[in-house]
Number of protein chains: 2
Amino acid sequence: MENIKEILISKSLRPTKQRMLIANYLFDGRDKHITAEGLHNKLKKLSLRVSLATVYNTLHDFCEKELLNKVSINSDKIYFDTNTSPHHHFYVAKEQQLIDVSNEIKFKGLPKPPKGKKIDKVEIIIHLKK
Amino acid sequence: MENIKEILISKSLRPTKQRMLIANYLFDGRDKHITAEGLHNKLKKLSLRVSLATVYNTLHDFCEKELLNKVSINSDKIYFDTNTSPHHHFYVAKEQQLIDVSNEIKFKGLPKPPKGKKIDKVEIIIHLKK
DNA sequence: ATTTGTGCAAATCGTTTGCATCTGA
DNA sequence: TCAGATGCAAACGATTTGCACAAAT
């Protein structure tokens, strides 16, 4: 994927072997929600060895460069979302599963922010149960 | 607060010294968002010694008995909310601060849940910035 | 050659657990 | 009495960090 190499360079990230492996896996066109450990295991299964520390570093680097978004849903793990356009989520607590919501959702009655603050973004989490 | 003692009993929680201290602090009529550590420190400042483990146990017990709600906003700490009625939150990432939203917010375009699942609740987090 | 990235292992931080001891009904 | 609660310290799991070594420009 010559494409991905250029993206990394354009974000001033050196296209190292590890970053290329990770980027190729993440940016294959299919949206993903992953954790650092999950990604590390996936790569291991594909016999691609990248240390866990590097996986963490890379995910954070990609976040800073806005190639990924952190999703802060439940409190034990950090999820990284390859879909960086604004959207919302279904969340299934039992399975700790995140699903993208593709609809646009409109609000009515959104409160004004406290003095001195502005609304950055509105995040909707639709908790699901059986 | 005789009141609080009865609440604990009605939830089949023994009104032990530690639980009473914690409940008296939490349920003073003012809504609070706290972490276990935060509460532990607060109590320490008031020269009320309760072990950290007991603070954790008690917060979880109170959650199970629906005297508190867990709020799962950002990923590093668990917040406990003394406001157990449905409401939404402002979130200031920089200060990791949570503020209750008292308005009711209406949605339009809420997607249907995937087959076999039902919507449990809709949580809105309004991220604020300066 | 110089900067930047990687990998390991140790460190950290919030949280949980095991277990001996204590307490309240 | 005795189930249930507490406190301590050790265990945990996700994440971060320090540092020597390796790779990229």
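Every heavy atom of this structure was used, including side-chain atoms; hydrogens, water molecules and symmetry mates were not. Below, chain A is the first sequence line, B the second, and so on; all start at residue 1. Values in this document were obtained by computation on a predicted structure and should not be read as measured data.
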Taking CG from A:Leu21 and P from C:dG5, how many angstroms apart are they, rounded to a whole number?
-> 16 Å
Heavy atoms of other groups near A:Lys42 NZ, more than 12 under 6.0 Å | no
Selection from D:dT16, C:dG5, D:dA14 that lies nearest to any side-chain heavy atom of A:Arg14 = C:dG5
Euclidean distance, atom NZ of residue A:Lys5 to atom C1' of D:dA23 [Å, nearest integer] = 13 Å
What about B:His33 and B:Tyr91, are their ring centers closer than 6.0 Å?
-> no
Just checking B:His40: base, sugar-phosphate only, or nothing, at a heavy-atom cut-off of under 4.0 Å?
-> nothing
With the side chain defined as heavy atoms from C-beta on, A:Ser51 is closest, among C:dG14, D:dT15, C:dC8, to C:dC8
So which nucleotide from D:dT16, C:dT6, C:dT15 ends up closest to the side chain of A:His60?
-> D:dT16
Indicate yes or no: at least one non-hydrogen side-chain atom of A:Glu123 is less than 4.5 angstrom from one of A:Ile125.
-> yes
B:Ala53 side-chain proximity, nearest of D:dT6, C:dT16, C:dT17 = C:dT17
Send over the distance from B:Leu8 CG to D:dA5 P, rounded to a whole Å.
-> 11 Å
Which comes earlier along DNA chain C counting from the 5' end, the contact point of B:Ala36 or that of B:Ile9, where each point is its nearest nucleotide?
-> B:Ala36
Nucleotide C:dG18, atom C1' - distance to CG of B:Asn57 in whole Å | 12 Å
Selection from C:dA25, D:dT15, C:dG7 that lies nearest to any side-chain heavy atom of A:Val50 = C:dG7
Within less than 4.0 Å of OP1 or OP2 of D:dT16, is there a side-chain N or O belonging to A:Tyr56?
-> no
Closest to the 5' end of DNA chain D, once B:Leu13 and A:Lys17 are matched to their nearest nucleotides, is B:Leu13
So, is A:Gln18 near the phosphate of D:dA23, with a side-chain N or O under 4.0 Å from OP1 or OP2?
-> no
Could you tell me the separation between the CD atom of A:Glu37 and the P atom of D:dC12, rounded to a whole number of Å?
-> 15 Å
Over how many whole Å does the gap from A:Ile22 atom CD1 to C:dT6 atom C1' extend?
-> 11 Å
Given C:dT6, C:dT15, D:dT25, the nucleotide with the shortest approach to the side chain of A:Pro15 | D:dT25
Under 4.0 Å: is that the gap between some side-chain N or O of A:Thr16 and OP1 or OP2 of C:dT6?
-> yes
In whole angstrom, what separates B:Lys70's NZ from C:dT16's C1'?
-> 12 Å
Taking the six-membered ring for Trp and the full ring for Phe, Tyr or His, determine whether the centres of B:Phe62 and B:Phe27 are under 6.0 Å apart.
-> yes
Between C:dT15, C:dT6, D:dT15, which one does the side chain of A:Arg19 approach most closely?
-> C:dT6
Kindly determine whether B:Lys106 and B:Glu104 satisfy salt bridge (Lys or Arg N to Asp or Glu O under 4.0 Å), including the steps that lead there.
-> CA-CA 7 Å; B:Lys106 307 251 188 220; B:Glu104 212 194 317; 3.6 Å; yes
Atom-pair distance (CE on B:Met20; P on C:dT23), nearest Å | 17 Å
Find out whether B:Leu67 and B:Ile7 are in side-chain contact, i.e. whether some heavy atom of one side chain is under 4.5 Å from a heavy atom of the other.
-> yes
